[in-house]
Each structure stands twice: as C-alpha cells, then as structure tokens.
Participant: 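Got a structure here, written out as structure tokens. Questions coming.
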2 protein chains.
Amino acid sequence: MERQSVPQTTIQRLPAYLRCLLQAQEQRMPVVNSVELAEMCGTNAAQVRKDLSYLGELGTRGIGYDVKALIAHISSVLGITERRRAAVIGYGRFGGALLGYSGFAERGFEIVAVVDADPAKVGTLVQTPSGEIAVSAIDDLERVMQEAGVEIAILATPASVTQGMADRLVAAGVRAILNLAPVRLVVPEGIAVRQVCLSTDLQVLSFHLAQNAQHGPQGADEQE
Amino acid sequence: MERQSVPQTTIQRLPAYLRCLLQAQEQRMPVVNSVELAEMCGTNAAQVRKDLSYLGELGTRGIGYDVKALIAHISSVLGITERRRAAVIGYGRFGGALLGYSGFAERGFEIVAVVDADPAKVGTLVQTPSGEIAVSAIDDLERVMQEAGVEIAILATPASVTQGMADRLVAAGVRAILNLAPVRLVVPEGIAVRQVCLSTDLQVLSFHLAQNAQHGPQGADEQE
DNA sequence: TTCTGTGAACTGATTCACAGCG
DNA sequence: CGCTGTGAATCAGTTCACAGAA
C-alpha cells in the first residue's frame with residue numbers, strides 16, 4: 001500500500017539507524033529526535049528526517065521518534081523481522097572467520113549451511129554462534145541450498161571459481177549474494193549482489209594518503 | 001601540479017579499472033578502448049572516459065588507452081607505486097584470515113605488523129604471503145607502528161575497544177584506517193577511514209529480498 | 001513552543017552527443 | 001574514420017528553510 005521508491009542511499013543508511021536505535025534502547029531512551037539520532041550515527045538532522053520520511057510518517061511533531069516503534073519499522077523495511085537464512089560458500093580462512101562471527105546472529109541472520117570443495121573438509125562439524133553445522137560438498141550445492149532454505153549466499157571462494165559458484169547459486173534459487181572474492185560477478189536481473197573488496201578499500205585509503213602527502217596535511221575524512 | 005578534484009565516486013572506481021587493466025595485460029592486449037574497458041568492469045563507455053579524463057589526457061584518439069601506461073598512471077594516482085605498509089590490529093578470527101590473504105600483496109600492500117591484547121598470542125610467529133612476522137603486544141602499539149612505518153591500520157578488534165584503538169593509532173601517526181568492527185569511528189579531520197560491515201551489507205541484501213517478495217520477482221541488481 | 005515532514009534550491013554525478021585529434 | 005575528451009543536459013541525493021501538527 002505504500003511507496004517503493006526509497007532511494008538507494010537511504011537504504012544503505014538504514015542499518016546504521018537501526019544500530020543507533022538499538023543503542024538508544026539499551027540506554028533506556030524511549031524517544032529520540034532527529035538531532036540526537038543524527039549525532040549518534042554521524043549524519044545531520046535533515047538527512048535523518050528525510051530518510052525516515054521515505055518510510056512513512058514515523059515521528060511525532062514536537063516530540064521525536066519512538067525508539068521501539070522505529071526499530072520495529074526499520075526492521076520490517078529491511079525484511080529482518082524473521083531471521084534470514086544464509087550460507088557460507090568456501091570454508092577457508094575467511095569462510096571460517098565468518099562462521100565464528102557472532103555479529104550476524106545479533107543482526108537478524110543465521111548461517112544454516114557451509115559448503116566446500118575439499119573432500120577432507122566435507123563432513124567436518126563447525127561450531128557457530130547459533131549451533132553446530134556440518135560442511136557439505138560442493139557437488140550437493142543445489143540440494144543443500146534448497147533443503148536448508150538459503151536466501152542469501154556469502155561467497156568466500158577463490159576468485160577463479162567464484163563466477164561459476166554464483167551461476168549455480170542463482171540456478172538453485174538463491175536471489176541475494178554477498179561476494180567476498182575480488183571479482184565482479186555477472187548475474188541475471190533481479191538478483192541482488194553486494195561486493196566486499198578489502199583491497200579496493202585499501203587502495204582508496206592509499207589514494208587519500210597520496211593526496212595529503214602532496215599538498216599539506218589537511219584532508220579527506222570518512223568514506224561514502 | 002595538476003588538479004585535485006577527482007570526484008569521490010571516480011576514486012572508488014579506480015581500483016576496478018586497475019584490476020581490469022591487469023587482466024587485459026595478462027591477455028596480451030596492448031591497448032583497450034573505453035567500450036572494452038567498460039565491458040570488463042561493468043560500467044559504460046562514457047563513464048570510463050569521463051573518469052579517466054579526470055586523471056589527465058591518457059588516451060589516444062582513434063586508438064584507445066595504452067594498457068601498460070594506464071596501469072602505471074592509475075597506480076601512481078592511487079599511491080601504490082611503492083608498496084604501502086599496513087598493520088592488522090587484533091589477531092582473532094578475522095585478523096588471522098587477513099594475514100593469510102595473498103590478495104593484499106598482489107595489490108600493493110604489505111602487512112608489516114600484527115598486534116593483539118592477549119598475552120598468550122604475543123610473540124607468536126605468523127606466516128604471511130610476504131614473510132613471517134611476530135605478534136606484538138597492544139601496549140607497544142605506538143612503538144610498533146612507528147618502527148614498522150605503518151601507514152594504514154586494519155582494525156579487526158572487538159567492537160567495544162575499537163574506538164580506543166583508533167584514537168591511539170591516530171595519536172601514533174597513522175593517517176588511514178580500515179575498520180572491520182561494526183562501530184562508527186570518530187576521527188580528527190584529515191584521517192581517512194573506511195568502514196567495512198558485513199552485517200550492513202547483508203541487511204541491504206535482505207531489503208532487496210523483501211522488496212522482490214512483495215511485488216513480483218522483478219528487481220534490483222548490483223550495488224553502488 | 002518544539003520538532004517533524006516536505007517542497008524548493010542546490011550540489012554532485014551520470015549520461016548524452018558531438019567537436020576535433022590522430 | 002574511430003575514438004577520445006568534454007561541454008551541456010539530465011538525474012539523484014543533500015541541504016535549506018519553513019509550514020504546520022502535537
């Protein structure tokens with residue numbers, strides 16, 4: 001019944017708002033206004049009001065935003081009122097680190113499957129914050145995704161095999177992919193992909209170092 | 001002697017151009033034109049030409065861009081003609097994964113120090129793609145940063161101590177920080193910070209799943 | 001009076017379309 | 001001719017400034 005045109009940039013800020021609101025809740029603040037919320041997450045009040053206004057009329061004039069209600073609303077917009085089921089593809093250094101990470105569970109995600117190509121690893125039991133799971137074989141990828149009801153795949157495979165994995169995941173019905181390998185994925189329309197590339201981020205940082213070195217230490221801050 | 005107004009967005013795309021150019025070089029292509037380069041990195045030709053034009057007149061009309069020369073130029077703009085020295089703060093699951101990752105070395109970075117608070121870990125030898133290094137104690141943070149000549153710090157510490165670490169790093173002269181902990185860092189003007197938050201990315205993906213579920217499987221692709 | 005919600009103005013980035021170099 | 005480099009047009013996102021709800 002409502003709009004669908006929430007700007008891309010606003011969506012990317014919603015998780016930050018959510019984090020700050022949870023923090024406010026811990027501090028027993030029943031209400032926050034746009035100035036406080038902006039302060040907490042490092043934006044400005046106009047931005048906060050504009051962003052939240054895309055989601056509906058969520059505030060009370062003269063008062064501010066009800067913390068509990070706003071948390072519920074943003075969670076709903078982000079689609080994390082129910083826990084989302086994710087899988088880690090590639091049980092290597094990064095894959096292993098992800099499985100042990102408790103931050104996912106705290107933010108609405110559960111790792112329900114791990115897949116690896118190495119026969120030596122298949123069958124291994126892995127301890128995750130939300131339980132113990134066994135490593136599955138790559139050959140069973142499609143079956144495992146379907147049986148575990150995986151909605152999001154986290155690709156932590158070697159670069160060379162990553163596109164192939166993505167193709168199989170899409171064919172198996174996975175519609176959202178977080179790619180940690182340093183390759184650009186090509187996927188059909190309608191599949192959501194997010195690329196995380198630490199080397200890219202380091203290179204951007206390096207650019208700023210190069211800039212500041214050149215003409216006096218006054219310079220660029222933050223990203224975005 | 002030249003401009004300093006390369007748009008933020010262009011800078012963030014330079015690493016991708018670099019990656020594609022290295023790939024072109026491997027395929028023995030001496031020259032690429034804007035259409036080919038756009039194809040390779042998933043943009044459009046106008047974008048490529050505009051981006052590269054901010055760096056100078058690097059192409060040859062009627063021909064395209066010399067791959068070798070363009071690699072050299074972009075590397076120079078990104079400040080990675082010399083190897084940049086980075087440190088990993090926090091030798092936990094993620095820190096460990098980073099140290100074993102060979103992608104950094106391939107893209108102009110060298111991990112020259114690891115620091116951890118756990119006395120049991122201090123002194124441990126860690127094998128990295130570019131050699132063996134010993135874990136240093138957090139108490140020695142300032143000295144280690146200075147002696148190793150660290151330019152970029154990668155924060156992989158528990159959220160609760162991350163801001164404190166950032167403060168000490170800045171005080172120790174580090175001017176660029178890649179933060180993997182899910183907290184917003186507050187740093188003085190002139191310090192470059194990049195935030196990587198996997199949970200945030202998952203939440204954005206979840207938003208897209210929620211959207212598509214609502215009104216028919218036609219939908220959002222890619223990030224940015 | 002206090003603070004939200006929102007048009008209007010502005011800023012920055014992308015795309016278009018073409019002049020002009022090799 | 002083919003392709004770059006670039007002004008001009010467009011589009012998206014941010015900031016301003018204020019009307020009006022509580």
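In what follows, every chain begins at residue 1, and chains take the letters A, B, ... in the order their sequences are listed. All values derive from a computational prediction rather than experimental measurement. Just so it is clear, the values below take in all heavy atoms, side chains as well, and ignore hydrogens, waters and symmetry mates.
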Participant: Go through residues 14-30 of chain B and report each residue with a non-hydrogen atom lying under 4.0 Å from DNA chain C, sorted by number.
Facilitator: none
Participant: Return a table of donor-acceptor pairs under 3.5 angstrom between the side chains of residues 30-39 of chain A and protein atoms on other chains or two or more places apart.
Facilitator:
{"unit_1": "N33(A)", "atom_1": "OD1", "unit_2": "V35(A)", "atom_2": "N", "d": "3.0"}
{"unit_1": "N33(A)", "atom_1": "OD1", "unit_2": "E36(A)", "atom_2": "N", "d": "2.9"}
{"unit_1": "S34(A)", "atom_1": "OG", "unit_2": "R49(A)", "atom_2": "NH1", "d": "3.2"}
{"unit_1": "E36(A)", "atom_1": "OE1", "unit_2": "N33(A)", "atom_2": "N", "d": "2.9"}

Participant: Donor-acceptor pairs are to be reported for all side-chain atoms of residues 167-174 of chain A against protein atoms at under 3.5 Å, with residues two or more places apart or in another chain.
Facilitator:
{"unit_1": "D167(A)", "atom_1": "OD1", "unit_2": "Q163(A)", "atom_2": "NE2", "d": "2.8"}
{"unit_1": "R168(A)", "atom_1": "NE", "unit_2": "E142(A)", "atom_2": "OE2", "d": "2.8"}
{"unit_1": "R168(A)", "atom_1": "NH2", "unit_2": "I138(A)", "atom_2": "O", "d": "2.9"}
{"unit_1": "R168(A)", "atom_1": "NH2", "unit_2": "E142(A)", "atom_2": "OE1", "d": "3.0"}

Participant: Taking only heavy atoms on the protein side, list every residue of residues 31-44 of chain A lying under 4.0 Å from any atom of DNA chain D, sorted numerically.
Facilitator: N44(A)
Participant: Can you give the first and last nucleotides of DNA chain D, 5' to 3', that have an atom under 4.0 Å from a heavy atom of chain B?
Facilitator: dG2(D) to dA8(D)
Participant: Evaluate the criterion side-chain contact (heavy atoms from CB on, under 4.5 Å) for residue pair I152(B) and L209(A); output intermediate values, then yes/no.
Facilitator: CA-CA 9 Å; I152(B) 304 178; L209(A) 290 175; 3.7 Å; yes
Participant: When the distance from CD of Q47(B) to C1' of dG12(C) is rounded to whole Å, what number comes out?
Facilitator: 13 Å
Participant: Using whole Å, report how far NZ of K50(A) lies from P of dG7(C).
Facilitator: 7 Å
Participant: Partners of S199(A) by side chain to side chain donor-acceptor pair (under 3.5 Å), sequence neighbours excluded?
Facilitator: none
Participant: What residues in residues 57-65 of chain B put a non-hydrogen atom under 4.0 Å from any atom of DNA chain D?
Facilitator: E57(B), L58(B), G59(B), T60(B), R61(B), G62(B), I63(B), G64(B), Y65(B)
Participant: Applying side chain to side chain donor-acceptor pair (under 3.5 Å), can you list everything that pairs with T128(B), at least two apart in sequence or on another chain?
Facilitator: none
Participant: Using a cut-off of strictly less than 4.0 Å, decide whether T9(B) has a side-chain nitrogen or oxygen near OP1 or OP2 of dT14(C).
Facilitator: yes
Participant: Please report, to 0.1 Å, the donor-acceptor pairs under 3.5 Å made by any side chain of residues 91-113 of chain A, with sequence neighbours excluded.
Facilitator:
{"unit_1": "R93(A)", "atom_1": "NH2", "unit_2": "G100(B)", "atom_2": "O", "d": "3.1"}
{"unit_1": "R107(A)", "atom_1": "NH1", "unit_2": "G103(A)", "atom_2": "O", "d": "3.2"}

Participant: Does a donor on one side chain and an acceptor on the other come within less than 3.5 Å for T162(A) and T157(A)?
Facilitator: yes
Participant: With R61(B), which residues qualify under salt bridge (Lys or Arg N to Asp or Glu O under 4.0 Å), at least two apart?
Facilitator: none
Participant: Under the salt bridge (Lys or Arg N to Asp or Glu O under 4.0 Å) rule, what pairs show up with a residue in residues 71-87 of chain A, not counting sequence neighbours?
Facilitator: R84(A)-E151(A)
Participant: Applying salt bridge (Lys or Arg N to Asp or Glu O under 4.0 Å), can you list everything that pairs with D66(B), at least two apart in sequence or on another chain?
Facilitator: none
